[in-house]
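Structure record follows, encoded as structure tokens.
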Amino acid sequence: MGKINVLDFSVANLIAAGEVVDRPASVIKELMENAIDAKARQITVEIQNGGVTFMRVSDDGCGMEPDDLPVAIRRHATSKIKDASDLEAILTLGFRGEALAAIASVSDIRILSKQREAEMGAVLEAHGGNIVSLTETGCPNGTTVIVEALFANVPARRKFLKRDVTEAQAVTQAVERVALSHPEISFKLIVDGDIKLHTAGDGKLQSAVYAVFGRDFAGRLIPISGEYEGIGISGFIGRPDNVKGNRNYQNFFINGRWIKSKTAMAALEQAFCSYLAPDKYPTCVMNLTLNPARVDVNVHPAKLEVKFSNEKMIFEAIYYTVRHALEQDEVRPELKIPGQKKETPTAAQTVANSRRVSDAFAPVRDHREESIARRQIGISTPPASTPQPPKKDAFVRLTAEEYVREYLGGDKKAPAPTKSSAPSTPTPPSVPASTPRATEAPAPMPDIPTDIPMPSDADAPPVRETDAPSAPVSQEREQPTAALVEQPPIPADELSAQTEQAPAVPDYRIVGEVFHSYVLVEIGDRMLVIDKHAAHERILFEQLKEKLHSTDPASQLLMLPIEVMMMSDEVEVIAEYREELEAIGFSFETARNTVSISALPIGIDAGAAGDMLCAIADRIKNNTGSATLTRDILFEKALYQGACKAAIKAGRIYAEGHVEWLVAQMMKLPDITYCPHGRPVAMEMTKQNLDHQFERS
């Protein structure tokens, strides 16, 4: 007797169902794709207990005739294709006719459907793939599929399901991906009675991104758009400050279908080279449109992986589109200050807040009377002939005696000075410019009387606000900013030529430098905080990169050839792309498992030649780069390492001319936003946000 068994049809269905349906999320994905193929404009997904006990997908699509319902749950029954020629250019998300059959074979299913022109709809009920009933019923236009008791007849599969929360998260992710791929459709997700997602369906991708990922993520995106060799690319990429620790936020869509593609991921990540840290991954929502005949979606049971007829073109289309968007981006990250939650004031706080405005400049009196009283002992008053500090014409710091009189109700008349405490020739504070002294010029900065003890920061007397400007600052401390430095006159012809070529530089003012690391610059109603090391590093890197691409590639001959051991398939790749490799400066001969290099591109160390050639071969073989792109990326890594070492260092003191030159370069190059390591070069804060922090808005 033979050992080969012909399986029963029901058993074969269960085996086939395992390739298409492995958890509730895969059921939801297949049903949503059917709704999209039915030209639906509103799709509602509802699950309970992670989808294990109940799932419902409703749409307002074209619907089905009653006679089509029993056929729909049969294997290889579909309305998407008719013959083999249709497989050459698949335009729909579903086409195999396996989804409904697989779902029906492992669950209890009900399908309600009605066409717009029909007066009545129909409902089909099936258990474990066996049709129980088909009756006429009233229902809205479109189709509703209800799936219950998933894997009830396949206990081996049911026990491998995760917790309800985990399965619900997988369903949510599946709905989010489909919602991003079709922003023209309104999606609603209901989990255990709560609405988790609801997209507008207005056709705007940014609206769908906002609904799925939230305001913060959607506000830090760069739009991309381009076409390369018949491949259209659109969507968004995350700015370098909108990166993640994994690839979960990389969403690629081919003709409206969410896919996984190593080629697309490699192109995106290599385009972000010199824009983000090595341990971070860029984010994107990217749509690729191309001729369906150039992509095969029938290589994976769940249709998650595809094959392209030309992987190199896909890689270069994504790489150059993303790189161009990054280089053109001029948006700097916003400097955010965490807001403090306002608490409801208590009764005591309400009384304290009702004091007069002048009291706002005085420290709190509680537990401080003794300290103030101790500090007033031994304080002397300047002689009567000495002018008193003005109270209405300048910003001056009150003496401790004035503080006691003004705010604590002390004696209006201070004790007479003693010989030991009164200075022999006290230096008066500066007087307002409106009342100059006739016999003596006003002092540029007030001196502190020696008989007044210096208070601690906590006990410092308040500052009084007056109308006149503060004391003049000495001329030695005034420094011209880059925007105000006087330049020699330029001839008219040269001026017109420069005006046509040079980019418009906004008016700015260098406020100063803090911590010898950050430069504060005022531009209109904005403030920039520039990291001087990161800014100088990026400027040097861009200059070096421009020189690299402005010269023709040249070779340096080697006295002795370099023998590089390679696998046979790598040697074949090197030989196949000989012309491209020689164009960037290589000269070599190939053997079975060896490549003999006789010339290198200028700038490449002989010790690194083997590693570079192996990297080029690996990327070409895996469709993750070309020889030219790999050369440029490796060169860029070497360039920004050198730029990092050559840039000015944070925390060190440099001449002011360095800072002025640095800021001037930043103003000329608004697209300098991130250093090659992915750190922000400058952060921005508007006056409106700053006013909001001080509750002035």
Side-chain angles (χ1 to χ4, degrees), residues 219-220 239-241 275 329-340 395 397 444-445 457 460 463 465 469-487 502-542 643-644 646-697:
R220 293 184 294 162
R239 293 206 312 251
D241 63 333
Y275 280 91
D329 180 47
E330 299 181 0
V331 178
R332 294 190 171 97
E334 181 182 355
L335 180 63
K336 296 182 179 180
I337 301 177
Q340 295 182 353
F395 280 90
R397 185 174 291 278
M445 292 295 290
D457 291 340
V463 175
E465 181 176 358
S470 58
V473 182
S474 62
Q475 296 297 324
E476 297 178 355
R477 299 185 62 183
E478 294 182 359
Q479 298 293 340
T481 62
L484 303 178
V485 174
E486 185 176 354
Q487 301 292 341
V505 178
D507 294 333
Y508 64 91
R509 180 174 68 92
I510 301 178
V511 178
E513 185 179 356
V514 293
F515 311 122
H516 303 299
S517 301
Y518 306 100
V519 183
L520 306 182
V521 180
E522 178 185 343
I523 308 176
D525 62 347
R526 296 176 295 137
M527 178 186 71
L528 288 185
V529 182
I530 301 175
D531 183 336
K532 66 180 185 181
H533 170 75
H536 194 203
E537 182 182 6
R538 188 76 202 191
I539 292 171
L540 291 178
F541 171 73
E542 293 295 334
C644 181
I648 59 179
K649 303 298 184 292
R652 296 184 184 178
I653 302 176
Y654 293 88
E656 293 188 5
H658 284 269
V659 175
E660 294 176 359
W661 174 85
L662 186 68
V663 175
Q665 295 300 312
M666 288 284 295
M667 297 301 107
K668 294 178 183 177
L669 304 171
D671 56 328
I672 300 297
T673 54
Y674 293 88
C675 80
H677 299 94
R679 296 189 297 107
V681 165
M683 304 193 78
E684 181 179 294
M685 172 172 276
T686 63
K687 181 179 181 297
Q688 180 181 2
N689 290 340
L690 197 59
D691 288 342
H692 180 70
Q693 294 295 328
F694 285 93
E695 300 183 3
R696 296 176 63 91
S697 58

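What you see is a predicted model, and the numbers here were worked out from it, not measured in a lab. All residue numbers refer to positions in the sequence shown, counting from 1.
Judged as a side chain to side chain donor-acceptor pair (under 3.5 Å), the pairs with a partner in residues 522-532 (not counting sequence neighbours) are, in order, Arg509-Glu522, Glu513-Lys532, Arg526-Glu684, Asp531-Arg679.
Atoms CZ and NE2, on Arg652 and His533 in that order, are 10.0 Å from each other to the nearest 0.5 Å. A distance of 8.5 Å separates CE of Met666 from CD1 of Ile523, quoted to the nearest 0.5 Å. Annotation: the span from Ile653 atom CD1 to His658 atom NE2 amounts to 12.5 Å, rounded to 0.5 Å.
Heavy atoms only, all atoms of each residue included: Ile530 and Ala682 are closest at CG1-CB, 3.9 Å. The heavy-atom pair separating Pro680 from Ala534 by the smallest distance is O-CB, 4.1 Å. Closest heavy-atom contact between Asp241 and Arg220: O-NH1, 2.6 Å.
For Ser517, the side chain to side chain donor-acceptor pair (under 3.5 Å) test picks out no residue, with sequence neighbours left out. Remark: His516 engages no residue in a ring pair (Phe, Tyr, Trp, His ring centres under 6.0 Å) (not counting sequence neighbours).
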| task | List the steps and the verdict of side chain to side chain contact (heavy atoms under 4.5 Å, CB included) for Val529 and Leu520. | result | CA-CA 5 Å; Val529 182; Leu520 306 182; 3.8 Å; yes
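Two residues are said to be in side-chain contact when any heavy atoms from C-beta on lie closer than 4.5 Å; Ile539 and Trp661 meet this criterion.
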